S.K.: 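The structure under discussion is supplied below as structure tokens; questions concerning it will follow.
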Amino acid sequence: MEHVPVRPFLFTIELFQFLQEKEVKMSEFKLHHHVSELMNLLGVRSTDTVGAEVYTEMLQKNTTPYITTQVSAHQAKRKIAESSTTPIEFLAKYDELKGKNMRDLDPLVLLLSQLTEEEQMKTGLSGSADVSVKEHRVLIRLFRDKKILEKQAKTKADEAGMTLLQHGKIFSQLPAPGAKITNQEFTELKDMLLKESKSVAGTTSTEILRKALREKQMKRNVNIPPQPEWLFQRPSLTLDFIVGVDEPIDQNIVPLGSLPLPMQEQAIIEDLLKCMEGIEGKYILARALTERYAPKEFMIDESLDPSVQELVRRFLPLCSNYSTVVRFIEEKSAFEYGLVNHALSASMRTLIKDYMVLVAQLEQQYRNGNLTLQKFCDAKCQELCLFLTQSACVPYFEILEKWIYKGIIKDPYSEFLVEENETIQKEKLQEDYNDAYWDQHYTICRERIPVFLEQVADKILNTGKYLNVIRLCGRDPKFPYAVEMVYTLKERKYYEQIEKAYSYASKLLLDLLMKEKELNSRIKSIKHYFLLDKGDFLVQFMDMTEEEMKQDIDNIMPSRLESLLELALRTSTANVDPFKDDLKVELLPYDLITQLFQILTIDTKQEKDYRVDPTDLHLSGLEAFSFDYVVKWPVSLVLNRKALTRYQMLFRHLFYCKHVERQLCSVWIGNKAAKMYSLHSCKWYSAAFALRQKMLNFVQNFEYYMLFEVIEYNWHVFQSNMDSVSNIDNVLDYHSDFLDNCLKDCMLTNPDLLKTVHKLMMVCVTFSNFIQRLSSSTSVEVETKPTRESSLQATKKDSKTTSSKQKMATKIVAENVDLLVASENFERTIANFDQNFTRLLLELLEKIMDYSCNSGEPKLHNILYRLDFNGFYTERLEAISAERATMDASSTHSSDTGSTGSWPTSSFTSSRPDSARYVPGLMKSRSSSSNNSTS
């Protein structure tokens with residue numbers, strides 16, 4: 001298909017109008033007819049080999065109904081106007097068709113708007129075409145425009161008693177449809193039509209501009225009422241110039257150059273007074289606008305005296321400015337432009353009234369003969385701008401006063417600097433971990449901040465937020481020192497008022513939270529339970545729930561755990577806590593490690609690796625258990641779900657460490673039975689005893705580090721800050737810092753350290769279970785063997801003493817233990833436990849040293865000092881480092897010399913190179929290989 005000429009939008013609308021005038025139902029015949037005419041107009045029927053029937057069938061199969069709305073049609077119209085080189089002409093044509101109730105106009109406009117985004121289609125529509133196609137296209141458009149202009153001209157000519165017979169001669173020269181004409185004939189005919197069309201007045205540009213200016217998309221509030229139609233149907237309902245309207249010609253107008261100079265000045269002053277009111281004069285005419293806010297231009301009688309012309313040209317900008325102001329007032333008075341624009345327009349209307357009074361006074365002077373061009377007045381610009389700004393700020397300051405005095409936003413047109421997000425509700429604070437009610441429910445819209453309020457925008461936001469929280473608590477806060485705010489050049493006046501309102505609101509909310517709602521006491525209550533502050537309560541609760549924690553999560557009854565929790569609370573020192581009833585039991589669907597890594601890997605490549613289905617995790621009660629806490633508004637601002645989740649992570653970490661300590665202590669209690677064993681058996685048991693003590697030393701020191709050197713230290717800092725807090729934002733910041741520091745120093749935010757600690761705990765638990773199984777088997781022997789022996793002895797010798805029975809039982813158990821312990825399996829198992837635990841502990845110490853050196857965090861050094869108080873692990877690390885340095889040096893030497901020999905074997909402590917000292921980070925390269933070799 002050949003390309004069609006330029007300006008496709010107007011042509012397509014004209015074609016659409018032409019097809020609509022046929023008034024045939026949209027049937028297959030009508031569609032075929034439209035396709036045929038379109039192919040004729042595009043000039044492709046002769047070259048197309050497919051035919052209209054195929055295109056018609058394709059359209060019927062691929063056409064789907066589309067229901068347009070007022071918003072979608074307006075958006076499409078605006079998109080086309082932005083893409084067109086003649087937007088005002090396009091909008092005028094659209095309004096004309098809309099006024100005739102043309103069918104399917106909006107769907108067509110929507111289609112055209114989509115075509116503006118298709119680059120290939122736009123290229124095809126804007127390409128070159130055959131000359132004959134151009135001729136017929138342009139002639140059709142000119143002919144149709146001429147028909148309209150002829151009808152309008154004939155009506156006006158009849159009213160004026162004139163005739164239009166000469167125009168008929170031109171239409172007789174039009175060629176028949178489909179006929180060919182030469183380029184010269186085409187050019188002559190086009191020039192003749194354009195010349196004649198200019199002689200008849202068409203639709204006024206003012207009317208087109210007014211309609212274009214009134215068309216604005218309602219972005220911020222779709223409920224804004226539309227402008228009435230009569231406003232657009234009355235083009236003369238304006239204070240601006242009306243250009244292009246035919247009026248009876250004054251036969252008494254003579255060129256100014258033919259008059260004496262005083263008469264020229266009087267005549268031109270009369271025209272200037274009219275132009276000051278937006279009315280054309282006899283010798284000063286206004287030009288049509290080319291853009292929305294283009295300055296109004298004027299035409300002056302060229303025969304006017306040059307000196308007078310110069311004075312008039314100096315004065316005409318006042319008339320142009322008047323036109324611009326009037327256009328602004330009439331546009332911004334529409335509903336969708338908001339209260340600030342309404343107030344500004346109203347104040348400008350007041351000035352226009354004063355301006356009109358001034359013009360009337362000047363006219364009176366002119367009538368009395370006392371006005372000359374040199375006496376026209378000037379304005380005081382600064383006072384005028386101040387008046388307009390104050391008037392425009394009245395509704396804005398009313399919104400501001402309601403916000404900073406009462407915590408209420410009443411902003412129907414979205415003009416205020418604070419914006420409310422109604423989708424974020426305070427009820428989600430206890431449900432959603434990522435809920436950001438405090439930060440996102442009310443936010444600052446930066447593009448709406450007035451220049452004179454930029455420095456206090458944040459305080460304005462916080463002031464209203466504080467009062468809004470109090471209002472949501474059922475209170476009615478009223479600022480006792482409220483005064484009306486007025487814009488002034490001295491910004492300090494309302495700065496001070498905003499500062500007073502901010503201080504009042506922050507103190508009011510802080511007193512509500514700290515005194516009435518006892519926020520600090522509630523945080524201390526949470527510390528008692530989540531951070532293991534109440535030792536007796538925790539021990540009693542763990543004793544009561546020991547059997548429940550061993551079961552699968554599906555077999556645990558939460559109601560039983562709730563009952564045991566309440567019993568532990570009532571029978572411990574926690575009974576004096578007034579908020580103990582807010583503590584609840586929660587069984588989470590994931591363990592601590594999964595939860596932490598899901599959080600730590602957010603927005604990383606490893607995030608999908610930790611997205612597991614909770615049903616795929618088989619958790620015990622211990623792995624799923626956690627505390628929860630019931631918090632109500634407004635305390636939930638601070639103790640929200642995010643804060644409680646961080647408390648839960650700390651609790652689960654500490655709770656599991658406490659469980660491991662209890663397991664190791666149970667092993668110690670069971671090992672006391674080894675006193676009855678023979679000396680030979682105790683020799684084999686000593687390795688297990690030493691490993692148990694090593695594990696217990698690590699766990700207890702690790703717990704001490706977290707509870708006292710991390711939590712208690714950060715708690716002391718937090719409480720010191722709370723004593724000097726001045727607003728709720730400081731409380732939120734201090735509380736968040738406290739939790740973040742605790743999580744970081746307890747190694748819960750470092751994946752490498754966390755994995756190693758978890759592995760160490762798992763080794764301790766596995767070792768404890770192994771030893772307890774061994775102890776339980778020997779205890780069975782202790783119970784069964786003496787009973788059987790005593791029953792045999794009872795028939796033979798009833799007088800056997802209890803002492804002899806115990807000795808016999810001890811002898812039998814000792815023999816069985818000797819056989820069990822002396823086996824190679826027991827010795828190998830204990831050695832493996834010791835090797836794995838030592839390797840993981842050394843790996844943890846090295847990672848802590850590296851992390852502390854790289855991050856500059858000295859807090860973790862405390863755990864190094866506690867675990868390695870006598871330098872035992874330092875010597876081990878140095879030995880390993882020296883061995884690796886020697887092996888690296890040996891491999892380097894062999895590669896340089898080409899020999900297969902090695903360095904002489906010698907003691908690491910007696911003669912090792914300086915590079916063989918312990919250096920943090922050297923274990924990382926071989927951690928994987930050591931894991932495989934020692935497992």
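The structure displayed is predicted, hence computed values, not measured ones.
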S.K.: Could you state the interatomic distance from CG (L509) to SG (C473), rounded to the nearest 0.5 Å?
M.R.: 7.5 Å
S.K.: Which distance, rounded to the nearest 0.5 Å, do you find between the CD1 of I460 and the NZ of K465?
M.R.: 13.5 Å
S.K.: Within the 3.5 Å criterion, strictly below it, is a donor on Y629 or S525 matched to an acceptor on the partner's side chain?
M.R.: yes
S.K.: Just verifying a value: how many Å separate S521 OG and M514 CE, rounded to the nearest 0.5 Å?
M.R.: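 One finds 8.5 Å between OG of S521 and CE of M514.
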S.K.: Tell me whether E484 at atom CD has more than 12 heavy atoms from other residues, nucleotides or ligands lying less than 6.0 Å away.
M.R.: no
S.K.: Inspect the contact between E518 and K524 and indicate whether a charged nitrogen and a carboxylate oxygen are less than 4.0 angstrom apart.
M.R.: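 Result for this pair is no, no salt bridge flagged.
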S.K.: Between M276 and L362, does a side chain to side chain contact (heavy atoms under 4.5 Å, CB included) hold up when you go through it step by step?
M.R.: CA-CA 11 Å; M276 290 176 66; L362 292 174; 4.0 Å; yes
S.K.: Looking only at heavy atoms, which two atoms of N727 and V725 are closest? And how far apart?
M.R.: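 Heavy-atom minimum between the residues: O-CG2, 3.4 Å.
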S.K.: Is any side-chain heavy atom of F718 closer than 4.5 Å to a side-chain heavy atom of I523?
M.R.: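 F718 reaches I523 side chain to side chain.
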S.K.: Using a 6.0 Å cut-off, check whether atom CD of E447 has over 12 heavy atoms from anything other than its own residue.
M.R.: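 Atom CD in E447 is crowded, with more than 12 foreign heavy atoms closer than 6.0 Å.
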S.K.: Looking just at side-chain N and O atoms, do N341 and E331 make a donor-acceptor pair shorter than 3.5 Å?
M.R.: no
S.K.: Please give me the minimum heavy-atom distance between I711 and F738, naming the atom from each residue.
M.R.: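 Of all heavy-atom pairs spanning I711 and F738, the closest is O-CE1, 4.0 Å.
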S.K.: Could you tell me whether the side chain of N721 reaches within less than 4.5 Å of the side chain of N730, counting heavy atoms only?
M.R.: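 The answer is no; the side chains never approach within 4.5 Å.
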S.K.: Between the side chains of Y713 and N741, is a donor N or O closer than 3.5 angstrom to an acceptor N or O?
M.R.: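 The answer is no; no qualifying pair exists.
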S.K.: Are the side chains of I728 and Y466 in contact, using a 4.5 Å heavy-atom criterion?
M.R.: yes
S.K.: List the residues meeting side chain to side chain contact (heavy atoms under 4.5 Å, CB included) with T443, not counting sequence neighbours, and say none if there are none.
M.R.: E419
S.K.: Test your reading of the model: is there a side-chain donor-acceptor pair from E330 to the backbone of L239, 3.5 Å cut-off?
M.R.: yes
S.K.: Okay, side chain of Y504, backbone of K478: is any donor-acceptor separation there less than 3.5 Å?
M.R.: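 Here the side-chain-to-backbone pair exists.
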S.K.: Do Y487 and F452 have ring centres separated by under 6.0 Å?
M.R.: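 Centroid distance Y487-F452: below 6.0 Å, so yes.
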S.K.: If I compare all heavy atoms of V638 with all of L732, which pair ends up nearest, and what's the gap?
M.R.: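 Residues V638 and L732, closest heavy atoms: CA-CD2, 3.7 Å.
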S.K.: So, taking the atom named OG1 in T463 and the one named CG in D458, what distance separates them when rounded to the nearest 0.5 Å?
M.R.: 10.5 Å
S.K.: Kindly state each residue pair satisfying salt bridge (charged side-chain N to carboxylate O under 4.0 Å, His left out) with at least one member in residues 727-744, sequence neighbours excluded.
M.R.: R646-D740, K744-E857
S.K.: What do you reckon, is CD of E712 surrounded by more than 12 foreign heavy atoms closer than 6.0 Å?
M.R.: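 Counting neighbours around CD of E712, more than 12 heavy atoms of other residues, nucleotides or ligands fall under 6.0 Å, so yes.
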S.K.: With side chains defined as the heavy atoms from C-beta onward, is the minimum distance between F479 and L508 less than 4.5 Å?
M.R.: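 SC-SC contact between F479 and L508 ruled out.
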S.K.: Can a donor-acceptor pair be found between the side chains of N468 and Y442 at a distance below 3.5 Å?
M.R.: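 Looking only at side-chain atoms, Y442 and N468 do form a donor-acceptor pair, the distance falling under 3.5 Å.
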S.K.: Quick check: closest heavy atoms across V630 and R522, and the distance to 0.1 Å?
M.R.: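 Between these two residues, the closest heavy atoms are O-NH1, 4.5 Å.
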S.K.: Within the distance-only criterion (no hydrogens, no angle test), does the side chain of S323 pair as donor or acceptor with the backbone N or O of C319 below 3.5 angstrom?
M.R.: no
S.K.: To the nearest 0.5 angstrom, please state how far the CD1 atom of I470 sits from the CZ atom of R475.
M.R.: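 Output value for this atom pair is 8.0 Å.
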S.K.: Provide the closest heavy-atom pair for I404 versus A501 in the form atom of the first, atom of the second, distance.
M.R.: O-CB, 3.7 Å
S.K.: Quick one: does any side-chain atom of S506 pair with a main-chain N or O of Y502 as donor and acceptor, under 3.5 Å?
M.R.: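 Yes, the answer is positive, given that a donor and an acceptor are paired below the 3.5 Å cut-off.
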S.K.: Can you check side chain to side chain contact (heavy atoms under 4.5 Å, CB included) on M485 and C393, steps first, answer last?
M.R.: CA-CA 10 Å; M485 301 180 66; C393 287; over 6 Å; no
S.K.: Is the closest side-chain heavy-atom distance between L289 and F241 below 4.5 Å?
M.R.: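 Heavy-atom side-chain distance check fails, nothing below 4.5 Å.
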S.K.: Working note: Q719 + N520, criterion side chain to side chain contact (heavy atoms under 4.5 Å, CB included); need CA distance, chi angles, decisive distance, verdict.
M.R.: CA-CA 9 Å; Q719 288 298 308; N520 204 24; 3.2 Å; yes
S.K.: When you look at Q361 and V357, which way does the side chain to side chain contact (heavy atoms under 4.5 Å, CB included) test go after all the steps?
M.R.: CA-CA 6 Å; Q361 293 173 352; V357 173; 3.7 Å; yes
S.K.: Sorted by first residue and then second, give each side chain to side chain donor-acceptor pair (under 3.5 Å) pair with at least one member in residues 386-412; sequence neighbours left out.
M.R.: Y405-Q497
S.K.: Any side-chain heavy atom of P634 within less than 4.5 Å of one from L472?
M.R.: no
S.K.: Tell me, do K632 and K517 make a side-chain contact under 4.5 Å, heavy atoms counted?
M.R.: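 Of all side-chain heavy-atom pairs linking K517 with K632, none is under 4.5 Å.
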S.K.: Quick check: closest heavy atoms across E516 and L512, and the distance to 0.1 Å?
M.R.: OE1-CD1, 3.2 Å
S.K.: How long is the gap from CG on L344 to CG on L339, to the nearest 0.5 Å?
M.R.: 12.5 Å
S.K.: Any side-chain heavy atom of P395 within less than 4.5 Å of one from E415?
M.R.: no
